[in-house]
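The structure appears below as C-alpha cells.
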Number of protein chains: 2
Amino acid sequence: MAEAAAPISSLRRALSLVRIIANGDPAGLRLKDIAEAAGCTQPTAHRALQDLMAEGFVEQEAGGKRYRLSLDFFVLAAKAGQANGLRDLARPVLLRLAASLHDTIFLLVRHGYDAVCLDRVEGPFPIRSFTGDIGGRVPLGLGQGSLAILAHLPEAEQEEVIRFNVPRLIDRGFIDEAGLRAAIAEARRLGWVNLNTGLIPGMAGLGVPVFDARGYPVAALSIGTLAERLGPERLPSVVHMLQTEAAKLGAEINPFDPSLRYPSRSLSKAEP
Amino acid sequence: MAEAAAPISSLRRALSLVRIIANGDPAGLRLKDIAEAAGCTQPTAHRALQDLMAEGFVEQEAGGKRYRLSLDFFVLAAKAGQANGLRDLARPVLLRLAASLHDTIFLLVRHGYDAVCLDRVEGPFPIRSFTGDIGGRVPLGLGQGSLAILAHLPEAEQEEVIRFNVPRLIDRGFIDEAGLRAAIAEARRLGWVNLNTGLIPGMAGLGVPVFDARGYPVAALSIGTLAERLGPERLPSVVHMLQTEAAKLGAEINPFDPSLRYPSRSLSKAEP
DNA sequence: CTGAAAATTTCATATGCCGGAATTTTGTCA
DNA sequence: TGACAAAATTCCGGCATATGAAATTTTCAG
C-alpha cells in the first residue's frame, strides 16, 4: 500500500515520529516499532526520541520503555485551538445554548477537507456523534455542522472538497455522491442542516454555519440530541436560536484576520 | 533574565520553536522574533519552520507571515490526553456527576509539580476556576482538586512539591507556606477539600482525590460552583457523591500500568 | 512613493547526523 | 529462578546536511 516514502530532514523525521506515536497504541510504542514505522534505524529513532523527551513532547511510562505523547504536549496543544481566538469567543455562546436548550452543543471549524471539533458542551442526554470529542475530526459533509460548512463554501472550493471527500465518505459507508449533493442543496436552501436521517439510530442533530465578515463559512454550531427532542414543534425554535447565536458569533470574528480561510498547506491526509 | 542558553541539537532547537510559538501571541509570531527568542539566526529558524509547516505542526495565516500552531497540532494532541486511558474512563463519571449535581465538574491529573485539567463538564452556572479550560495547568496546591492530590502524596514527595511550589503560589498572591500546610492537614484529615475561602469571590468548590490501585493519588475530581450552592445541607451529599465516583474510577484504573505515578522527566518549568 | 526592516535564497564550510557493529539491558519461557 | 533471545543503548568513522554570513527579494510603515 502507499507507504509514506519521503526522504526528509532529521527534523521532519522526528516530527513524523510524533505522529506515529500519536496514532499508535495509547499504551505506548516500543522503539523497534517506531523505528520500523518511520523507516529508519533504531539508533536514529532512539536519538530523536531522546530529544523529543528532553523537550517534553514525548514521555516514557516510569521505568518502562514504551514511548507515548507527553501531557506537556497536551497542555501545549490547548493553545493551538485558539485559531482566531474563535474558541474563546465561542465558549459563552456554547454555554448559553447548552443552558437554554439542555442539549449537547458542538463548535466545529473547517480545516482543509475536514471539520475539527474545537469545543463542546454537553447536555444531560447521552449523545453519540461523529466528531466525538474535542479534537475530533470528520470529513466535511459528514454530520450536521460539518455539512453546514461544506454547503456554504464557494462553488469551486466546494467542488474540490466534494471530489476529495466522496471516496472517504463512501468508505465510511454513509453516503454516496448523489446523496451528498442532495444534502448540500437542501442545506443551502434552508440555511441550516437537519439530519434525522438515522445515521445513528435515535439520534438527531442540527447544524448552522458561522460566517466571518466576508461571508465565508469558517465554522459551525451544531446540536446533537435524541431524535424525539427535535420534533416539529421544538425544531423551529432551536433553529432560530442556533442561527441567532451563529450570527452574533460571526460578527465578533476579527474581520481583519484573514486566517482560517484557506489553510495554508495540503492539510489532512486522506484515509482512503 | 535567566536565559535558556542551552546549546542543543538541531532537533531540540526546532522543538523549542514550537514552545516559543505556543507561548507567544496567539495571533502568531514573526520569524525575526522567533529566531531571536530561540537564539539562532533567521535562516536557521526559517528552515526549521518550513519543516514544521510541512509536517503540519505550524501554519501561517493565509498570505501572512506570522507563524502559529496548526490545528493539526490540536487534533494530534487530543490523543495525548489519554494517559492511562484515564480520560475515557472518567468521561462517564463526569457526565454522571454533572447531570446529578448540575454543577461544573473537573478531572485533574497530576503532572510533576502541577495539576492538569484533562477534562471538564460544565453545569448551568457560570464558573471561574484556576485551571480554566481543558489543558489548563495549576501548581499543585492551588484549587480544590489540585490540593486534594497534593495532600495525599507520600510524605517525601509532598515535601518536594511544597518546596518547589510555595514560591510559585506566593507569586500568585494566594497562599503562604503556613496556610498551605494548614490546608493540606485539613484536607488529609477530611479526605476531601473544601475551599470556600473566597479565593474567587462567590465561588466555591470541592475536590476529592482519585487513588490508583497502589493508593497513589493520580488524579482528582472536583466541583466548582457558586458559594451559595455548597451550603451545609447540600455539602455532605455532594462530598459523598464525589467520593463514591472517585472510588469507582480509581478501581478501574489499570493497576498494572505504573505510569502516571512518577512523571519521567524534570517536568514543568517554574514561573518564578 | 520611498526607504528601512523583515523574509528568503545562495553558498562554502564544518558540524553533527547517520547506520553498522558492539555492548548492555530487558522481557520471556522453562 | 535461570538462561536465552530480543530489544535498547552506546560507539564510531564517514559523509550528508545543517549552519550563518552575505546577497537578494519582499513587505510594511510613513
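All values below were derived from every heavy atom in this structure, side-chain atoms included, with hydrogens, water molecules and symmetry-related copies excluded. Just so it is clear: chains get the letters A, B, ... in the order the sequence lines come, proteins before strands, and each one is counted from 1.
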Tabulated below should be each protein N or O lying under 3.5 Å from an N or O of nucleotides 7-16 of chain C; please produce it.
{"unit_1": "dA7(C)", "atom_1": "OP1", "unit_2": "L31(B)", "atom_2": "N", "d": "3.1"}
{"unit_1": "dA7(C)", "atom_1": "OP2", "unit_2": "K32(B)", "atom_2": "N", "d": "2.7"}
{"unit_1": "dT8(C)", "atom_1": "OP1", "unit_2": "K65(B)", "atom_2": "NZ", "d": "3.2"}
{"unit_1": "dT8(C)", "atom_1": "OP2", "unit_2": "H46(B)", "atom_2": "NE2", "d": "3.0"}
{"unit_1": "dT8(C)", "atom_1": "OP2", "unit_2": "Y67(B)", "atom_2": "OH", "d": "3.3"}
{"unit_1": "dT8(C)", "atom_1": "O5'", "unit_2": "H46(B)", "atom_2": "NE2", "d": "3.2"}

Quick check against the 3.5 Å criterion: does D114(A) have a side-chain atom that pairs as donor or acceptor with the backbone of V116(A)? no
Okay, side chain of S70(A), backbone of G56(A): is any donor-acceptor separation there less than 3.5 Å? yes
Aromatic rings F211(B) and H152(B): how do their planes relate, parallel, tilted or perpendicular, breaks at 30° and 60°? perpendicular
Roughly, in whole Å, what's the span from [atom1] in [X] to [atom2] in [N]?
{"X": "R12(B)", "N": "dA18(D)", "atom1": "CZ", "atom2": "C1'", "answer": "17 Å"}
{"X": "E36(A)", "N": "dA6(D)", "atom1": "CD", "atom2": "P", "answer": "14 Å"}
{"X": "L49(A)", "N": "dA7(D)", "atom1": "CG", "atom2": "P", "answer": "16 Å"}
{"X": "L17(A)", "N": "dC18(C)", "atom1": "CG", "atom2": "P", "answer": "10 Å"}

N or O in side chain of T44(A) less than 4.0 angstrom from dG19(C) OP1/OP2: yes
From R188(A) atom CZ to Q158(A) atom CD, the distance as rounded to the nearest 0.5 Å: 5.0 Å
Within-4.5 Å side-chain heavy-atom neighbours: L140(B) and Y113(B): no
To the nearest 10°, let me know how far the axis at one end of the helix from dC1(C)-dG30(D) to dA30(C)-dT1(D) is tilted from the axis at the other, five pairs an end. 70°
NZ/NE/NH1/NH2 to OD/OE distance under 4.0 Å, D25(A) and R66(A): no
Only residue of T44(A), D51(A), L49(A), V58(A) satisfying side-chain contact (heavy atoms from CB on, under 4.5 Å) with L17(A) is L49(A)
Tell me whether the centres of the aromatic rings in F73(B) and F73(A) are closer together than 6.0 Å. yes
